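To start, the structure under review is shown below, and the notes come after it.
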Amino acid sequence: MTKSALVTGATGQDGSFLMELLLKKGYEVHGLVRRLSIPNIGNIQHLVDHVTLLDGDLIDQSSLNAAVKESGPDEVYNLAAQSFVGTSFVQPVLTGEITGLGAVRVLEAIRAYAPDARVYQASSSEMFGKVDREPQDESTPFHPRSPYGVAKVYAYWACVNYREAHGLFVSNGILFNHESERRGLEFLTRKVSNGVAKIHHGLAKTISLGNLDARRDWGYAPEFVDLMWRILQHKQPDDFVGATGEAHSVREFVEEAFRVAGISDWETHVKIDERHFRPSEIYNLRGDARKAKRILGWQPKTKFKDLAKIMVEADIESLNESRKPR
Ligand code: NAP
Ligand code: F7E
């Protein structure tokens with residue numbers, strides 16, 4: 001029988017790749033989208049005729065109840081969030097509402113209207129924060145360093161609690177940074193790939209950045225949505241880290257992105273701006289995904305340099321397209 005899936009955060013980077021994957025696997029796919037004055041469906045334009053889009057907002061319980069009722073899901077992927085760490089320092093209450101309590105609203109809708117559904121929660125390496133060990137795995141303690149990280153810890157434990165208290169099938173994917181040509185423009189990798197492409201085309205001279213010394217474990221998003229799906233196919237609910245196991249600094253990503261575009265004097269194109277530093281930074285994250293490999297057979301393939309190449313080339317090409325005379 002055809003399986004039904006409900007994906008919240010459908011317009012985001014991961015939502016778009018996940019809906020593609022689920023369609024390929026033969027699912028009937030429902031995507032939750034919130035009403036905006038100007039629709040934001042750039043990432044899913046190519047999918048809109050193949051999925052059912054449902055109106056809803058993680059702040060509004062009744063819309064989540066209705067979406068769960070209407071989709072009758074076998075699997076729910078809760079990807080919606082205020083996901084930008086920088087903004088969470090400026091809008092901590094909104095971030096808590098959406099990223100933290102929003103997950104509980106999703107769980108409540110499922111408890112009431114689809115208690116047999118399997119649920120994936122988009123947990124994050126930001127929960128590890130100020131780490132006391134390296135690499136980080138499922139047993140590493142949490143010490144979040146931003147309102148975003150705090151909200152994700154709340155959502156994580158709510159999922160564990162709904163599993164234990166109500167017997168729901170709820171699993172957390174604790175995913176490290178994953179990027180792509182569909183990444184939002186304010187995140188570091190995309191800000192750099194887009195900035196480099198503009199410099200390459202002579203449309204800008206510099207990119208303004210913050211802490212170049214922070215280190216992250218960056219992977220390629222399509223491979224990480226495959227992990228989300230695998231997590232829900234496992235026979236029992238459980239929590240899994242998803243990561244490449246390699247960490248690189250922001251500086252290394254910047255250098256590599258300029259190298260891909262054939263620009264050697266990268267330092268002359270980068271300005272350091274205090275506004276891009278965080279009140280409390282996470283200096284070094286590197287994940288250990290051996291559990292996901294052993295139990296789910298998951299292994300990411302795209303390496304750091306390939307990721308920079310994919311993103312810079314995509315941005316150079318898309319600027320090329322947008323500059324062609326019509
Ligand atoms: P993203 O591109 O920022 O997408 C977030 C999605 O959430 C968008 O579709 C957004 O809709 C939606 N959303 C925001 N507020 C909402 C609300 N109040 N009600 C309903 N929908 C709302 O994030 P992503 O990179 O795809 O990440 C997906 C999930 O994984 C997020 O929960 C993120 O926190 C988590 N995560 C991401 C990473 C990563 O490296 N990408 C790593 C670990 C965990 P609009 O388009 O309308 O804004
Ligand atoms: O920052 C540093 C910044 O904003 C990466 C989200 O998907 O991954 C993401 O969170 C690093 C940080 O991602 C700039 O200080 C320097 O150390 O791309 P980012 P993030 O904060 O790691 C996790 C796993 C999530 O769950 C989140 O949802 O880069 N950095 N200069 C900068 N970062 C930005 N954005 N802009 C700069 O100018």
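Remember, it's 1-based here, ligands and their atoms both numbered in the order they're listed. On a predicted model such as this, the values are computed, not experimentally measured, just so you know.
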Close-contact set for ligand 2 against [X] heavy atoms, below 4.0 Å:
X      : result
Asn211 : 16 (C), 31 (N)
Glu281 : 3 (C), 12 (C), 15 (O), 17 (O)
His276 : 38 (O)
Phe84  : 4 (O), 35 (N)

Nearest protein heavy atom to atom 4 (O) of ligand 2, by residue and atom, and its distance? Arg278 NH2, 2.8 Å

Between [Y] and [X], is there a side-chain donor-acceptor contact under 3.5 Å, judged purely by atom types and distance?
X      : Y      : answer
Gln82  : Ser88  : no
Ser171 : His234 : no
Asn65  : Ser62  : no
Gln91  : Glu97  : no

Applying a strict 4.0 Å limit to heavy atoms, is Phe84 in contact with ligand 1? no

Heavy atom under 4.0 Å from ligand 2: found in [X]'s side chain, backbone, both, or neither?
X      : value
Phe277 : neither
Leu209 : both
Ser83  : both
Arg145 : neither
Glu186 : backbone

Hey, does [X] sit under 4.0 Å from ligand 2 if you only count heavy atoms?
X      : result
Gly86  : no
Tyr148 : yes
Arg275 : no

Measure Asn40 to ligand 1 on non-hydrogen atoms and call it side chain, backbone, both or neither using the 4.0 Å cut-off. side chain

With a 4.5 Å limit on heavy-atom distance, are the side chains of Ser264 and Arg259 in contact? no

Check this for me: does any side-chain nitrogen of one of Arg111 and Glu108 sit under 4.0 Å from a carboxylate oxygen of the other? yes

Under 4.0 Å from any heavy atom of Gly12, which atoms of ligand 1 are there? 2 (O), 4 (O), 8 (C), 9 (O), 26 (O)

Given ring pair (Phe, Tyr, Trp, His ring centres under 6.0 Å), test Phe224 with Phe176 step by step and report yes or no. CA-CA 9 Å; Phe224 283 64; Phe176 284 62; 8.8 Å; no

Give the C-alpha distance, both sets of side-chain angles, the deciding distance and a yes or no for side chain to side chain donor-acceptor pair (under 3.5 Å) between Tyr27 and Trp229. CA-CA 12 Å; Tyr27 281 69; Trp229 178 78; 2.9 Å; yes

Judged by heavy atoms only, the candidate from Asn284, Val85, Leu188 nearest atom 18 (O) of ligand 2 is Leu188

For atom 36 (N) of ligand 1, tell me which residue out of Tyr148, Phe176, Trp218, Phe187 has the closest non-hydrogen atom. Tyr148

